[in-house]
There are 2 protein chains.
Amino acid sequence: MTQSEENYLKGIYHLSHAGQQSVATNAIAEHMETKPSSVTDMLKRLAEKGLVDYQRYKGVSLTESGAQSALKVIRKHRLWEVFLVEKLDFSWDEVHEVAEQLEHIKSEQLIDRLDAHLDYPDFDPHGDPIPDKDGKFKAREKRLLSSLRPGDTGVCIGVKDSSSPFLRFLDKYGIALGSEISVTAKEEFDDSMAIRLGGQDLQISHQIASNLFVKPNR
Amino acid sequence: MTQSEENYLKGIYHLSHAGQQSVATNAIAEHMETKPSSVTDMLKRLAEKGLVDYQRYKGVSLTESGAQSALKVIRKHRLWEVFLVEKLDFSWDEVHEVAEQLEHIKSEQLIDRLDAHLDYPDFDPHGDPIPDKDGKFKAREKRLLSSLRPGDTGVCIGVKDSSSPFLRFLDKYGIALGSEISVTAKEEFDDSMAIRLGGQDLQISHQIASNLFVKPNR
DNA sequence: AAATAAATTTAGACAAAGCTAAAAATATGT
DNA sequence: ACATATTTTTAGCTTTGTCTAAATTTATTT
């Protein structure tokens, strides 16, 4: 399987889990920053290989085999991200590009040993779950911070938006995976919130709160 | 620069340091397991980019810029080999293939941090020197074991042949980088040698002795 | 020095992956 | 329901990197 094929499978996987079912050609093109005509070409090739179910004009979905392949790539991507952050001291906003390359290295042995070296992590530096060898991953209760009410508390376990500006914003205010957050107030008007973490009080916009995942305490 | 271009530069670099000066198209083809016509095509492209000096029918040599690029690839390859052996417990006969892929990952930051993580190694697991960021590497006195005479001693610092069968042979008899070796006898007839290392006596053929580098003690 | 052999290059094809522009199918608005 | 807009596909071209077969250049023999 080529790198490009792997990238398409990964893209289709992500799109078919955000929205549902069959994914539109245009959606893929936009997601992969390419042209719809190029997507069509690739879909035909992937269909040939039994990795996707594709009928022209009807969108596409991953076959079982395609989904397994996508999960393998995602596993590699996320394990490399953990490596970069834990072992090479990258910050969480710097890892994506490099992991995009590393995810295409072909060696079962390499990824198994990397997994062991990292002590079998379940989540990557953005809080996304890492599939195991069989493509299964640990679920955990995950809600947007914006859905909590004043008085509620939770632990930061991930981000929805993983763009560099957002991640750098979080770093700046000391918000990291594992941070204990309690909601002290919520503004009706603009849905901004007052939160407390590690001794300090912060005022955060709805924009921010709706891109942070927390595991609520009960 | 594409992966293929990088591979050619690396190949030309190795060939022009084993033999001398300008490298023949056929030699490159053989070394890279491809056809001479493909090599010609690539040489033209590399010449276009100012990475090699090439005149048709006359062979090819690296320009300053081409040599620098080749050294960067070699640096990455060897650093990754160290990583695989030191951190992921690969054995020295398993690392080459994977390093062939990893050497093409593009990120200055990655390779700098990997270098630091590995504590700036000077030599790879086969004893080959690792170029620094400026393409320079540490020299050290290096002789073939076969050139020592009875009574001489030395430390094993590298292999000439780094094929799996040879490396596995060395493992089997406990010969590793850093092993203290003393020559106890040398057979006129077939140039085989009796050596002593770590308490045991071994009889090794000329084949073996002429593929092991040692730093002689004086 | 001509004849032959070996090395190298050219010409023409092919596959992967992309693009643009035009055509076809599907969806939407009134 | 029909015209328009949107989406998707097709057709044809480009680049990278490879190949085979034929042509050409260089090297070696006798």
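The figures here come from the full heavy-atom set of this structure, side chains too, leaving out hydrogens, waters and symmetry mates. In what follows, chains are A, B, ... by sequence order, proteins preceding strands, each numbered from 1.
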Ring centre gap for B:Tyr13 and B:Tyr8 strictly below 6.0 Å: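 Aromatic pair excluded; centres sit 6.0 Å or further apart.
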Note: [X]-[Y] ion pair, threshold 4.0 Å (strictly below):
X	Y	value
B:Arg140	B:Asp122	no
A:Glu97	B:Lys106	no
B:Glu103	B:Arg75	no

Chain A footprint on DNA chain C, 5' to 3' - any atom under 4.0 Å from a heavy atom: C:dA16 to C:dT26
Contact nearer the 5' end of DNA chain C, comparing A:Arg56 with A:Thr34: A:Thr34
Closest-nucleotide ordering on DNA chain C, the 5'-leading residue of A:Tyr8 and A:Lys58: A:Tyr8
B:Phe169 and B:Tyr173 aromatic ring geometry - parallel, tilted or perpendicular at 30°/60° bounds: tilted
Mutual orientation of the aromatic rings belonging to A:Trp92 and A:His126 [parallel < 30°, tilted 30-60°, perpendicular > 60°]: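 Taking A:His126 first and then A:Trp92, their aromatic rings lie parallel (interplane angle under 30°).
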How close or far is atom [atom2] of [N] from atom [atom1] of [X], stated in whole angstroms?
X	N	atom1	atom2	value
A:Asn26	D:dA5	CG	C1'	13 Å
B:Glu5	D:dG17	CD	C1'	10 Å
A:Tyr57	D:dT6	OH	C1'	12 Å

Under-4.0 Å side-chain N/O to phosphate OP1/OP2 contact, B:Ser4 with D:dT18: yes
Phosphate OP1/OP2 of D:dC19 contacted by B:Ser38 side-chain N/O (<4.0 Å):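 True: B:Ser38 side-chain N/O within range (under 4.0 Å) of D:dC19 OP1/OP2.
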B:Ser65 and B:Gln68 side chains, donor-acceptor separation under 3.5 Å: no
Flag for A:His104-A:Asn7: side-chain donor and acceptor within less than 3.5 Å: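 Present: a donor and an acceptor within the cut-off.
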Within residues 39-48 of chain B: residues closer than 4.0 Å to DNA chain D (heavy atoms): B:Asp41, B:Met42, B:Arg45
